Amino acid sequence: MDRLDAMHLFVRVAELGSFSAVAQQLGVARSVVTRQIAALEAHLGVKLMARSTRRLALTSGGTAYLEKCRVILNLVEAAETGVAEERLTPRGNIRISLPLSYGMKRLAPILLDFSQRYPEVSLDMDYSDRRVNLIEEGIDLSIRITRRLESGDVARKIGTSRLLVVAAPEYLARHGQPEKPADLANHVCLGYTNAGSSQLWQFMVDGQLESFHVRSRLNANNGDVLTEATAQGLGISCQPDFIADTFLANGRVVEILADYPIPELGIYAILPSNRHVPHRVRVLMDTLAERLAGQ
């Protein structure tokens, strides 16, 4: 194993905190990884990791070496990419994590076109609304829809989504139409559980953001299910435009409280770290941003 390969391996083990996890990603035996790290430590004459039964921990020497490795590997990748970037054909594997509904409705067509355009790129798409650990799960890129990013997220904003409050005409005929957000307290609402508290909805009222408590009799972590329940008259829900649009177009639901806007959601491409972004991943991010801007 040459010096750069050893650095790559050490960085992987340090980030995942596990010989077994790295071995599984690489498709080799755990003993292969442990031997190579031991050989690196012997070459350097420094103990890089303190082993325990539960998790690996970097020594002070390992922490210092990790930062230097990252700098060197970033410089090498940037140099190799920069020299020939204009003529590079994107190639290699991209593991991408996608939100379920938005991924299926808006992103899948773009990704399939991307795959047709760049046949040397292998796409591994994971559709899930859970927040993934990009490093631990070996994800190259995650698309997430959120109002606020987590501390430490390395992200690029590639789009936005509006939130709409909707109800079925039949529900409004039976229960009346709320005229202001406070009126929701007298209605049955349907809650999206991945948004934190499904009992508090936020609106702009006279230029100020205010929170309103709602009664939620049906909750789910999927907006398509909640909008179908809304269309069947089970209550009022708050949905992103990419889910609500089809239901609005066919008249199964109507928008209410339009005079009280809800802060929009950002659509972000999130990277596993702030190191150099591989050319294939950057091309995919640029493609997504361009196509979503067109929508």
Side-chain angles (χ1 to χ4, degrees), residues 96-111 125-132 142-148 159-205 209-268 292 295:
I96 181 169
S97 175
L98 305 155
L100 184 57
S101 295
Y102 186 75
M104 295 293 291
K105 296 174 188 297
R106 299 287 174 87
L107 299 180
I110 301 174
L111 292 170
M125 296 176 280
D126 175 41
Y127 289 86
S128 171
D129 288 335
R130 68 186 179 88
R131 183 177 175 84
V132 299
S142 174
I143 307 301
R144 284 293 167 257
I145 303 173
T146 182
R147 191 166 291 148
R148 61 181 65 86
T160 59
S161 174
R162 292 175 57 233
L163 285 169
L164 313 171
V165 181
V166 295
E170 294 81 0
Y171 174 91
L172 298 176
R174 292 197 310 269
H175 302 284
Q177 180 164 327
E179 300 296 331
K180 56 187 183 297
D183 295 342
L184 291 172
N186 301 315
H187 287 266
V188 175
C189 296
L190 312 178
Y192 180 63
T193 51
N194 271 12
S197 173
S198 60
Q199 310 296 323
L200 287 175
W201 292 5
Q202 293 183 316
F203 296 85
M204 297 298 297
V205 180
L209 184 63
E210 295 187 21
S211 298
F212 296 86
H213 187 271
V214 298
R215 291 185 299 119
S216 179
R217 67 176 286 248
L218 187 152
N219 299 287
N221 64 352
N222 181 267
D224 287 289
V225 172
L226 291 173
T227 313
E228 177 60 35
T230 305
Q232 293 185 20
L234 295 179
I236 297 171
S237 69
C238 177
Q239 299 299 329
D241 49 12
F242 57 85
I243 292 178
D245 282 350
T246 301
F247 289 82
L248 289 166
N250 60 29
R252 297 188 68 200
V253 301
V254 295
E255 183 180 4
I256 59 175
L257 299 175
D259 293 334
Y260 300 90
I262 302 171
E264 69 180 17
L265 299 171
I267 302 169
Y268 296 93
L292 293 177
Q295 292 179 6

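The structure presented is a predicted model; accordingly, all values stated were derived computationally and were not measured. As a basis for the values below, the full set of heavy atoms in this structure was taken, side chains included, without hydrogen atoms, waters or symmetry mates. Counting from 1, the numbers follow the sequence of the chain as shown.
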Side chains of [X] and [Y], heavy atoms from C-beta outward: is any pair under 4.5 Å?
| X | Y | value |
| --- | --- | --- |
| Pro178 | Ile236 | yes |
| Glu210 | Pro181 | no |
| Leu184 | Trp201 | yes |
| Ile143 | Ile267 | yes |
| Lys180 | Val205 | no |
| Tyr171 | His187 | yes |
| Leu98 | Leu111 | yes |
| Asp241 | Leu248 | no |

Fill in: Side chains of Arg130 and Ser97, donor plus acceptor under 3.5 Å
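There is no such pair between these side chains.
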
Could you give the distance from [atom1] ([X]) to [atom2] ([Y]), rounded to the nearest 0.5 Å?
| X | Y | atom1 | atom2 | value |
| --- | --- | --- | --- | --- |
| Thr230 | Phe247 | OG1 | CZ | 8.0 Å |
| Leu163 | Glu264 | CG | CD | 9.0 Å |
| Gln177 | Ile256 | CD | CD1 | 6.0 Å |
| Asn222 | Thr227 | CG | OG1 | 8.5 Å |
| Phe242 | Leu265 | CZ | CG | 7.5 Å |

Item to complete: Please name the pair of heavy atoms, one in Ala168 and one in Ala231, separated by the smallest distance, quoted to 0.1 Å.
Response: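 The pair with the smallest heavy-atom distance is CB-O, 3.7 Å.
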
Worksheet item: For Tyr260, which residues count as a ring pair (Phe, Tyr, Trp, His ring centres under 6.0 Å) partner, sequence neighbours excluded?
Response: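 Once residues adjacent in sequence are excluded, Tyr260 has no partner under the ring pair (Phe, Tyr, Trp, His ring centres under 6.0 Å) criterion.
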
Tell me if a side-chain donor or acceptor on [X] pairs with a main-chain N or O of [Y] at a distance below 3.5 Å.
| X | Y | value |
| --- | --- | --- |
| Ser161 | Pro240 | no |
| Arg174 | Gly233 | yes |
| Asn221 | Thr193 | no |

Worksheet item: Quick check: are there more than 12 heavy atoms from other residues, nucleotides or ligands sitting under 6.0 Å from CE of Met204?
Response: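 Enclosed: over 12 neighbouring heavy atoms sit under 6.0 Å from CE of Met204.
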
Fill in: Pairs satisfying salt bridge (Lys or Arg N to Asp or Glu O under 4.0 Å), at least one member in residues 220-231, at least two apart
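Residue pairs passing salt bridge (Lys or Arg N to Asp or Glu O under 4.0 Å), neighbours aside: Lys105-Asp224, Glu228-Arg252.
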
